[in-house]
Amino acid sequence: MSKKVRVRFAPSPTGGLHLGGVRTVLFNYLFAKQNGGDFIVRIEDTDQGRFVAGAEEYILNTLKWCGLEPDESPLHGGPYAPYRQSERKANYKQYAEQLVHDGYAYYAFDTSEELEAKRKEVPNFQYNQFTRGGMNNSLTLSKDEVQEKLVSTPYVVRIKMVEDETVVFTDMIRGEVSFNTSQVDDKVLLKADGMPTYHLAVVVDDYLMKISHAFRGEEWLPSAPVHILLWKYLGWEADMPQWAHLPLILKPDGNGKLSKRDGDRLGFPVFAMDWTDPKTLETTIGFKERGFLPEAFVNLLAMLGWNDGTDREIFTLKELVEKFSMERVHKGGAKFDYEKAKWYNHEWIKGSEVESLESGVKTEFEKNGVVITDHTLLAKVIGLVKDRCTLLPDFVQQGSFFFQSPDTIDVAAVKPKWDEKKNLFFTELIRAYELSTLWEVHDLEKEFKELAAANQLKPGDLMLPFRIMLVGGKFGPGVFDIAALIGKGETVRRIEHTLGLIEH
RNA sequence: GGCCGGUUCGUCUAUCGGCUAGGACAGCCCCCUUUCACGGGGCAAAGACGGGUUCGAUUCCCGUACCGGCUACCA
């Protein structure tokens with residue numbers, strides 16, 4: 001009885017994919033998968049002025065990284081191709097004509113300059129039921145004039161908003177929402193270049209692609225009445241999707257929608273992945289490149305405006321598909337908190353299996369010039385340090401000394417308390433370790449402490465110097481864990497090296 | 001300005017009219033750790049305001065305030 005669930009994400013390819021955009025994708029995806037439906041990506045490239053090369057590919061790549069692959073898209077194909085509105089251009093005009101023919105729309109010949117002048121002259125000028133009588137359009141011009149202008153000048157098609165009617169619809173998140181048509185203006189449906197505006201394109205394509213549920217950002221709420229009227233005027237009311245207007249993601253400080261600028265200003269990513277503007281060649285950092293795990297990114301996005309009603313905060317995509325419900329999506333916008341975002345990543349890194357971290361961590365090391373040849377060692381290192389890594393690049397700081405000698409040794413941290421007794425201890429330690437046949441954490445610690453006792457030194461005074469010899473600074477996992485992993489030769493070499501540095 | 005939407009700790013949020021308003025992030029303190037983290041424990045921190053309805057309102061209704069979105073031949 002009820003039709004198949006089909007949802008769509010309809011971005012316009014103008015740049016990087018923003019947090020809010022990915023969350024819209026996520027909610028679409030979760031709803032579709034939960035209901036055994038299809039998730040479609042349709043590219044809304046009707047504004048050639050704002051079109052940015054590469055943006056479409058970037059968007060699809062981002063979805064892939066997030067694990068939110070569409071069932072149908074320009075890339076994946078599908079039964080309702082093409083999935084780019086620019087390639088569907090021929091579709092729209094007939095519907096615009098139909099609307100004009102049925103009296104729901106009209107041709108308007110006012111030039112951009114004329115409209116601009118009008119807006120200057122009349123504050124808050126709206127092209128609507130009260131003003132259209134004074135403009136150049138098929139409602140005010142004679143039939144002959146209209147015919148003549150239709151062939152000789154550019155024109156647009158505008159919706160003829162009815163007077164004083166209440167448009168009511170039920171939003172899945174907000175409940176009943178109503179608008180009076182006298183407040184809404186005569187939106188352009190078909191532009192002078194023959195391209196539809198969003199308003200026409202979205203209803204025509206949602207109809208043609210049999211979309212059952214339309215989810216989009218709250219910023220679209222004010223134009224919902226236009227779309228609903230269009231569904232009605234085109235005679236498709238029975239097929240109209242159910243609407244849900246998602247709350248916005250807000251700036252962490254102050255108020256307003258979160259924008260790319262805020263990320264630049266506050267030092268955190270706003271785009272999912274790195275985005276390089278093809279014109280300015282400026283790169284904006286993404287969550288991926290900052291070292292977020294896609295699972296964590298999806299998780300944190302889901303929790304921005306939704307929860308399952310319990311205290312639980314960590315969910316896999318699969319769990320989200322099961323538990324998600326549009327009814328539990330909030331009405332109000334949420335300020336984005338980068339600290340909390342990092343917490344999600346940390347939780348995911350801690351909870352991830354070593355194997356699933358390997359390739360990402362290896363990439364980070366290589367980016368920093370640390371060559372990984374021993375993958376058994378890599379796995380051990382990841383297991384040892386992952387609890388202390390919030391973002392993937394933290395592995396480099398926490399673990400590169402396992403693969404190569406530290407670049408710098410913080411000699412200044414040991415020198416002030418250095419004395420001949422300590423020097424002697426480490427010299428003896430070298431010999432003891434060289435002679436040792438066992439190289440396990442436990443044995444290393446035992447030998448170290450016994451030798452300290454024999455020299456009447458407190459182990460506590462020796463651990464820090466030892467740590468600095470091995471890792472270069474005051475950080476990292478347990479010293480004996482480190483010594484055990486890097487091996488006898490390397491341990492001895494690093495002690496000797498630092499001893500040499502202290503001498504001078 | 002107009003229309004529409006929103007409003008619980010600093011932030012994200014829980015609460016299907018009955019509360020000592022719960023959790024998480026951040027903050028602070030303590031423990032653990034002879035580094036730094038992780039971990040464990042604790043402290044502090046909220047119902048915008050005013051009216052109703054009700055035995056009882058954070059929860060329902062109205063108004064006010066504040067915040068946001070929209071108001072393009074952009075999406």
Side-chain angles (χ1 to χ4, degrees), chain A residues 10-14 44-47 49-50 108 110-112 115-116 119 123-128 154-158 171 173-174 177-180 182-185 187-199 201-202 216-225 245 247-248 250-257 300 303-314 330-344 346-347 350 385-390 394 397-398 413 449 452 458-468 470-471 473-479 482:
Chain A
S12 85
T14 53
E44 309 234 341
D45 53 350
T46 55
D47 184 358
R50 297 210 311 157
D110 318 272
T111 64
S112 312
L115 289 171
E116 207 174 304
R119 289 193 183 100
N124 298 321
F125 173 78
Q126 296 281 289
Y127 205 119
N128 61 18
Y155 62 89
V156 300
V157 174
R158 284 180 184 271
D171 184 282
I173 294 168
R174 283 148 220 286
V177 182
S178 65
F179 295 85
N180 188 293
S182 58
Q183 300 295 338
V184 354
D185 61 339
K187 291 277 180 232
V188 168
L189 301 178
L190 198 71
K191 301 188 256 190
D193 64 3
M195 277 288 196
T197 59
Y198 172 81
H199 306 295
V202 75
R216 67 221 309 194
E218 189 187 349
E219 69 268 28
W220 290 108
L221 204 45
S223 50
H245 291 87
L248 268 12
L250 277 13
K251 302 177 195 296
D253 61 338
N255 296 297
K257 273 202 280 194
L300 74 91
M303 302 310 285
L304 232 39
W306 176 87
N307 69 79
D308 76 340
T310 73
D311 289 338
R312 187 163 173 200
E313 298 188 89
I314 303 298
H330 302 155
K331 297 181 174 81
K335 286 185 186 172
F336 179 67
D337 181 358
Y338 187 54
E339 291 306 316
K340 184 84 187 221
K342 285 194 291 191
W343 175 80
Y344 279 103
H346 192 185
E347 289 301 308
K350 283 192 293 175
V385 306
K386 72 183 170 107
D387 282 0
R388 53 189 72 212
C389 296
T390 298
D394 294 344
Q397 149 80 358
Q398 291 294 333
K449 288 187 173 168
K458 280 187 280 186
D461 294 336
L462 302 164
M463 301 272 272
L464 187 68
F466 191 32
R467 164 176 301 282
I468 287 171
L470 297 188
V471 315
K474 300 183 210 173
F475 56 89
V479 270
I482 298 168

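Quick caveat, the model's predicted, so the values are computed rather than measured. Proteins get letters first, then strands, A, B, ... in listed order; numbering begins at 1 in each.
- Separation of the P atoms belonging to rG5(B) and rC62(B) is 11 Å when rounded to the nearest angstrom.
- No hydrogens or angles considered: nothing links the side chains of His245(A) and Arg174(A) as a donor-acceptor pair under 3.5 Å.
- Spacing of P atoms, rA26(B) relative to rG40(B), comes out at 13 Å, to the nearest Å.
- The NZ atom of Lys257(A) sits 14 Å away from the P atom of rA75(B) (whole-angstrom rounding).
- The pair Arg119(A)-Glu116(A) fails the salt-bridge criterion, with no side-chain N (NZ, NE, NH1 or NH2) lying under 4.0 Å from an Asp/Glu carboxylate O.
- In this structure rC12(B) sits in the anti conformation; its chi angle is more than 90° from 0.
- The nearest whole Å value for the distance from the CH2 atom in Trp220(A) to the C1' atom in rG6(B) is 20 Å.
- In this structure, CZ of Phe125(A) is placed 21 Å from P of rC70(B), rounded to the nearest angstrom.
- Spacing of P atoms, rU7(B) relative to rG47(B), comes out at 16 Å, to the nearest Å.
- The interatomic distance linking Ile173(A) (CD1) with rC4(B) (P) rounds to 19 Å, in whole Å.
- In this entry the distance linking CG of Asp45(A) with P of rC74(B) reads 13 Å, nearest Å.
- As judged by a 4.0 angstrom heavy-atom cut-off over every strand, Gly476(A) is placed among the base-contacting residues.
- Closest approach to the Arg174(A) side chain among rC12(B), rA37(B), rG6(B) is made by rG6(B) (side chain taken as heavy atoms from C-beta onward).
- If you find the closest nucleotide of RNA chain B to Asp311(A) and to Asp193(A), the one lying nearer the 5' end belongs to Asp311(A).
- Place Pro11(A) and Thr310(A) on RNA chain B by their nearest nucleotides, and Thr310(A) ends up nearer the 5' end.
- The side chain of Lys191(A) places an N or O atom within less than 4.0 Å of a non-bridging phosphate oxygen (OP1 or OP2) of rA75(B).
- Between Met195(A) atom CE and rA75(B) atom P the separation is 10 Å, expressed in whole Å.
- Comparing rA21(B) with rU71(B), their C1' atoms sit 40 Å apart, to the nearest whole Å.
- No more than 12 heavy atoms of other residues, nucleotides or ligands shown are found within 6.0 angstrom of NZ on Lys474(A).
- To the nearest whole angstrom, the two C1' atoms, one in rA24(B) and one in rC9(B), are 12 Å apart.
- Distance noted for atom C1' between rC38(B) and rA14(B): 27 Å (whole Å).
- Comparing the P positions of rG51(B) and rU58(B) gives an interatomic distance of 13 Å, to the nearest angstrom.
- The phosphate of rA24(B) (OP1 or OP2) has no side-chain N or O of His346(A) nearer than 4.0 angstrom.
- For the C1' atom pair drawn from rA44(B) and rU11(B), the interatomic distance equals 15 Å after rounding to whole Å.
- Nucleic acid contact for Gly478(A): base, since at least one base atom lies under 4.0 Å from a heavy atom of the residue.
- Ion pairing between Lys340(A) and Glu313(A) holds under the 4.0 Å rule for side-chain N and carboxylate O.
- Taking atom CD of residue Glu313(A) and atom P of nucleotide rC25(B), one finds them 7 Å apart after rounding to whole Å.
- Side chain of Asp185(A) to backbone of Asn128(A): no donor-acceptor contact under 3.5 angstrom is found.
- Taking atom NZ on Lys350(A) and atom C1' on rG39(B), their separation rounds to 8 Å, with Å as the unit.
- Distance from the side chain of Asp337(A) is smallest for rC25(B) among the nucleotides rG39(B), rC25(B), rA14(B).
- An OP1 or OP2 oxygen of rC36(B) is reached within less than 4.0 angstrom by no side-chain nitrogen or oxygen of Arg467(A).
- As judged by a 4.0 angstrom heavy-atom cut-off over every strand, Gln398(A) is placed among residues making no nucleic acid contact.
- For the pair Ser223(A) and rU71(B), the criterion of a side-chain N or O lying under 4.0 Å from OP1 or OP2 is not met.
- Counting heavy atoms of neighbouring residues, nucleotides and ligands inside a 6.0 Å radius, atom NZ of Lys331(A) does not exceed 12 of them.
- Side-chain to base pairing of Lys340(A) with rA24(B): one donor and one acceptor N or O lie within less than 3.5 Å of each other.
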